[in-house]
Structures are given as C-alpha cells and as structure tokens.
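One structure is given here, and the rest of the page talks about it.
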Protein chains: 2
Amino acid sequence: MKKYTIKDIALLAGVSKGTVDRVIHKRGKVSEKALKKVNKILDEIDYQPNILARSLKNNKIYSIHVILPDPEIDPYWIPCKLGIEEAFSEYKSLGVSIETFLFDPTNNQSFSEINDKVLQLNPDAVLIAPLFFNEAIKAFNAYKETEILVTTINNRVGDDNVNNFVGQDLVQSGKIAARLLEMITPDNSEIIIAHLDEFFLNASFMQQKEKGFRDYFDTNTNNSYKLKTCHSIESNQYKTLIDVIKTTKDISAIFVTTSKVYKVAEILSNFPELKIKVIGYDLLDKNIELLKNRQIDFLIHQNPRQQIYLGLSQLAEYFIFDKPVSKEKLLPIDIINSENFSSYLNQ
Amino acid sequence: MKKYTIKDIALLAGVSKGTVDRVIHKRGKVSEKALKKVNKILDEIDYQPNILARSLKNNKIYSIHVILPDPEIDPYWIPCKLGIEEAFSEYKSLGVSIETFLFDPTNNQSFSEINDKVLQLNPDAVLIAPLFFNEAIKAFNAYKETEILVTTINNRVGDDNVNNFVGQDLVQSGKIAARLLEMITPDNSEIIIAHLDEFFLNASFMQQKEKGFRDYFDTNTNNSYKLKTCHSIESNQYKTLIDVIKTTKDISAIFVTTSKVYKVAEILSNFPELKIKVIGYDLLDKNIELLKNRQIDFLIHQNPRQQIYLGLSQLAEYFIFDKPVSKEKLLPIDIINSENFSSYLNQ
DNA sequence: TGTATTTGTGTGTTCGAGCACATTTTTATT
DNA sequence: AATAAAAATGTGCTCGAACACACAAATACA
C-alpha cells in the first residue's frame, strides 16, 4: 500500500506539482497535453490527498454555536452538555470553537431572541433544537441569507434551508411503543395516550408520536384496543389525566409522549389497585428509578447527547476534513427496560 | 479563543522554539532558568498541540490485521465487512492499512494457524474475535512478545495481554432476555434455554448468557418459572430440541443464546398449536423476516459491525493522534422488535 | 590561561497540500 | 520578424510540530 503524494504524481507524469495541483482542483491553465499526462497517472493510481496536510495548510478557526433549551427548565436536555464537551475536546485543537446558547423552552419569544443574538455573532454554523416551528423557519431563512450552516437536532422541521438533521423518526417511535404495549397488555383494553406539559404550542413532535402509535393499531393488528388521547399540564396538577384515570374503566396502559413519564408513574402510585403499564421517553434519573422499581415498564431513548455529538462532529469534520454532511442522519430508536438502561448511560 | 503554537510560546517566554519543544517533551538539556520561563507561560495559557501538524510530521504507515470467523460459515459476522470498510475508508489516507484474515469458526486449529500467519507478518496491531479461549490466550502471549497491540471484540477473554476489548456484557444481556420474557409470559410456565450449534467447545459466551438469564429469575422475581437448558446441533437436525418441545408441557418461551434463533422459529412453525414466545440474538436477514412475522418476539443486537468499527477506529486514532485506547469499551445492549429493527440497519 | 568536555540554545529542514508569484512557452498583433 | 499579450508551467513559501545538527555558553581539567 503506497501512499502517493502530489510530488509522486508530478514525477510520474513528468510535470511539476503546480500543474498536478491545477489538474486535481480543476483550476484551469493547463495544456491539453499536460492534462492527459496527469489524468493518465491519476487513473492508474489511487490518489488519496493527505487530509492532515490539507487542513494544516487551511488553518482556520471555525465557530459553531449551539442553541438549546435550558436544561434547568427541561431536564431532558441535561445530557447534551456532555455531548458538547466531548465534541469540543475532540475538535478544539483542530480549530473548532463551540459556544452554547440557552433558551426557555416554555417561551417561543426567548427562542427567537437567542437566534437573533446568534445571528449577530455570525458564526460559521449553528446547531439548533428547533422546538418552535414558525420561529424556527424564520430563523433558518435568516441564517441562510448570511450563509451560516444550519444543523437541527431532536425534531424535524421540514425546510430546505436546513442542511442537516440528526434525530429520530418520531412517527416510528410511536409505533415501537404501540408494539411493546401490544405485547404486554390484554386485547380489548383501554390505552391512554398522555401528552404532558405541552407548552410547545406549535410543536408537532408529540403529534408525530401519537400518529405512529395510532397507525400501528389501525394497520398492524386485528386487536381492538380503545385509544384515548389526554392533554394534561402541571399547573393544573395534572387533574385532567387523573380524572381520566379515575373515570375510565379497564385501562391497561398509558403511553406518555414526553420525558415527563415519571409524573404519570407517580400519579399511578396513588392507585395501587390499578395494574396499569406505563411507557414513555428518555433516561432521566427519575425515570430510571421508576423503571428499576417496575413502575415504568419501558422507556424509549431519544439520546439527546448522541444527537448533539453527531451533529457537532459532522459540522466539525465538514469544516476540517471537507467531509460531506448527510442531509439526514436518523438515529436508532432504543428500547430500554430495567436491565439494559445502564449499558446506555456511559456511552 | 486563541490557538497557541510552539512559536507563540517561544516568543512569550523569550526562548527559541527548540527549547519549548524540549520542555514540552521533557527531553532535558534545558537550564533551570529557561524551564521556569517556559513553564510559567504553559501554566498561563492552554496549549493544545496541533495534532494535524504532529501526525503529518510523523508520517508512518500503520498496519492492522483483523482476524475474524469466516462469514460464509457463520453469517453473524457478515456485517463486519461493512465496519472494516468504513474504518478503512476513513483512515487509509492517514496511513492506516487494514487487512482481514478469516478462520473457520468450527475449527480451533484454523484459528491458531491464522494467528501464526499474522504473527509472521508482524503488523502493528491485531483485532481478534477470540472464539477459542485456550488458543486465544496462547496467541495473545505471542503477540505481546513481539510488541503487537491486541484488541479483542465480541467476547471477553480475561487476559492482561489484551490492551483493549470492545463488546457487550454478555451476562447482562442474558438478564435483559429474562426481563423481556418475564413481561410477556405467564408465571409458573416452562422456559427453555437453547444453545444451538455449540461447536465452540471452549467457548464461554453462551454460558455467560445463560448465567445472566438464570440469575435474573433467581434474584429478581418471586416468580417461579421452570428453566430447562437444551443443547442441540444441526448435524442431528436439532432432534434434541424438538424432543424437548414435544415432551415438555406448558412451554411459554424459548431463549436462544445465539443468532441461530431462526432455526427455532422454523421448528416451531411445525407446532402451530403451541403459543411459544421466542427470543434470540442478532439481526440476520432470516431473523428479521421472522421478527416481522411475529414468529420471533425480540432480538438482542450484538452489533458486530459497530464492535469492529470502534475497535479499528480506537487503534487508528491511537496510532495517528496518540489518543489513549480504553481498556474496555462496553457497547449498549439493544432490544429489537418488529418496529425498531430498521432504525439499526443503516447505522 | 588554554584546551577539552559537558550542557544549553537556536536554526533549519521535513512532512504534503495549497497557492502566490515568477518564469517560460505559446499565440496574437502590428 | 518584432513585439505585446496570453497561456502554461515551475518554484518556493506557508501551515505547526518534531527533531537533527550546528553553534554558543558554561564547566572541568591540564
């Protein structure tokens, strides 16, 4: 395995390295004859430019700004910090700077303000968790005009101005929940779909999960579960959900579309006579505790840390090594139970 | 965020870059006075050597040899090809050469022969799937003497001569299977633990899975499942297993400790009156087909492709960027059902 | 005090790609 | 044919780390 350099090619083709360089980069100013000679050699050998040398020469500092919900307000985002740190420590010596900006996930205006601020700072790329649909679209357009690369994570916001998405297929994740519940609950029973603390007024991800969940039962089985959707919020002490639990007969399971599934498990501990299966999202400490105690049966892992890390590393390697950024990177949808959660915690 | 170079430090400390270099690499030949000056600057700033420049200067070719079971004989190893190709295309331009050597997984002598051959070729590192315990230990010692780095994947072979292991906790994976079956089978029923085609005489990984499986029921529940172990081989048309199925009353599930779980599902299709749950390992095409048809209920994903890729990339980055190799990298243990398998296939 | 010897310090080259600039060759114009 | 203009080609420097080697300063020994 010989590593060819531009110098080697120049020697083989009987031209100078400048000419080889011009051929490779199609910079023109090369005679027909020289072009042929160089291309002949390039066809014969497998030339791999040394990306170390290339990026050493490049020697720029690239700035990536990360726009995330404040993890103090929504703990789902806590693991992101680790993902960012990991990416930073890996790429900082290669000239990548990463800065984080937090917004209030209960407040769409806060999201817009942060985006305006970042726009002013004019980074090379932004990585955004686009919780608010309309505001996100607006921001994307602004970034496009300033030629700032945009990567989104967590939830898809279909828009051509986004160069890259890293996350999961949320419809499919609803189907996974449905299949799991189908296996552990009796036919003909009642299943509640609970949307908790839906402060994201124009957020669609809960709806996508519900869609997948319902689709599964509509198309995949001849079972006849009765599905009921329930919206419930903390400021109301989840009264709506508690009422549904009290008044509905024969509930076999509750599918919680967010990481707030621990709230449901806590509520259900007040009804020990009911044997209700619980499935929800994400490896929050509280959720894991309840999973261990069998008060939650399954969790689906959305892996925010991995999402951030992959998004950042794709951007970094695009800048440094010129690697192409995939338009869409769909992460696996992990099923978590009391026995395998630990294997995901230190990834 | 300023990127400091050796030249910067030299300027700040009022010495030459040669002196800075000697301080950083503790090469001696530096006066007390100069040492102090340089260290003072190093304390003040966060110097990150440019690894691109460093490895460009290094400019060596590193060879890694991969020793794997022939995927033609055991299809479990088919995805490894992709993992190797991925790693190769990522690191070839950085001077890493990867070569694959296949052995017959039904023949421990073949394993030893391949190791002897690789030892002769004297690569910088080897990555081995150490199916055969005794032969593996012998090989490790030989590699250690020649100062060849050894990384193992798939199954742990406790040995100090191994620098690095990438794989799963197989005992834990048995527990996961147990917990899943506990959720979908009735108490007091009979569960069969099936070891299929156990041609690896001194292989322990099936035993590890069985241990985890039994441990779970012994310690975690007050259920009283009856567990029965069954060894069965293809050359006997799996008669042993078929007999157990025919003669045992009240079988609720079969836990297959290998990727040959499709064989069990096929056998069970001859007993349509029995409602037996099936759980096993790995995303073979056949297994996925049966998972879709609900003839297999769960699969546990051992992710051989990821194991190889990570093992190779750790070695490559150790050589190129001097990144430390972790002694043990435990991968997550993925639970697969009919709805989430596809999200793992194109990873 | 002068000459070895040790110890310390700085300079210059290398790695490979990329690009600016100088130089040479070819083509166009009078 | 002479000159200007354009096109093609080659040279040499840069990026940052690493290290060989030349040179300088300090110490040892006659």
- Query: Is there a side-chain polar atom (N or O) of B:Ser31 under 4.0 Å from OP1 or OP2 of C:dT9?
  - Reply: yes

- Task: Round to the nearest Å and state the distance from B:Asp8 atom CG to D:dA17 atom P.
- Result: 9 Å

- Task: Among the candidates C:dG10, D:dG16, D:dA18, find the nucleotide nearest to the side-chain atoms of B:Thr19.
- Result: C:dG10

- Query: What nucleotide, of D:dG16, C:dG16, D:dT9, holds the atom closest to the side chain of B:Thr5?
  - Reply: D:dG16

- Task: Report the residue from B:Lys26, B:Arg27, B:Lys57, B:Lys7 that forms a salt bridge (Lys or Arg N to Asp or Glu O under 4.0 Å) with B:Asp21.
- Result: B:Arg27

- Task: Give a yes/no on whether any side-chain N or O of A:Tyr47 is located under 4.0 angstrom from OP1 or OP2 of C:dG16.
- Result: no

- Would you kindly give the CG-to-P distance between A:Asn50 and C:dT14, to the nearest whole Å? 17 Å

- N/O donor-acceptor pair, side chain A:Arg22 with base C:dG18, under 3.5 angstrom: no

- Provide, to the nearest angstrom, the distance between the CG atom belonging to A:Leu56 and the C1' atom belonging to D:dC15. 4 Å

- Item | Gap between atoms CZ and C1', on A:Arg54 and C:dC15 respectively (whole Å) | 16 Å

- Message: In whole Å, I'd like the distance from the NZ atom of B:Lys33 to the P atom of C:dG10.
- Response: 10 Å

- Message: Please determine whether a side-chain nitrogen or oxygen atom of A:Asn59 lies at a distance below 4.0 Å from atom OP1 or OP2 of D:dT14.
- Response: no

- Query: Quick one: does NZ or CZ of A:Lys2 land under 6.0 Å from the six-membered ring centre of A:Tyr4, within 45 degrees of the ring axis?
  - Reply: yes

- Task: Compare the minimum distances between each of D:dG16, D:dT9, D:dA17 and the side chain of A:Lys29, then state the nucleotide with the smallest one.
- Result: D:dT9

- Item | Whole angstrom value for the distance that separates P of C:dT7 from CG of B:Leu35 | 16 Å

- Please tell me which of the listed nucleotides, C:dG18, D:dC19, C:dG16, lies nearest to the side chain of B:Arg27? D:dC19

- Got A:Leu94 and B:Ile51 here, is their nearest side-chain heavy-atom distance under 4.5 Å? yes

- Query: Reckon B:Ile6 touches a base, only the sugar-phosphate, or nothing at all at heavy-atom distances under 4.0 Å?
  - Reply: sugar-phosphate

- Length of the NZ-C1' vector between A:Lys7 and D:dG12, whole Å: 13 Å

- Of A:Ala34 and A:Lys17, the one whose closest DNA chain D nucleotide lies more 5': A:Ala34

- Select base, sugar-phosphate, or nothing to describe what A:Asp21 touches, counting heavy atoms under 4.0 Å on all strands. base

- Answer yes if the side chains of B:Asn154 and B:Tyr76 hold a donor-acceptor pair under 3.5 Å, and no otherwise. yes

- Does a side-chain N or O from A:Asn58 land closer than 4.0 Å to OP1 or OP2 of D:dC15, or not? no

- Message: Please report the distance, rounded to the nearest Å, between CD in B:Gln48 and C1' in D:dA17.
- Response: 14 Å

- Message: Any non-hydrogen side-chain atom of B:Ile64 less than 4.5 Å from a side-chain atom of B:Val126?
- Response: no

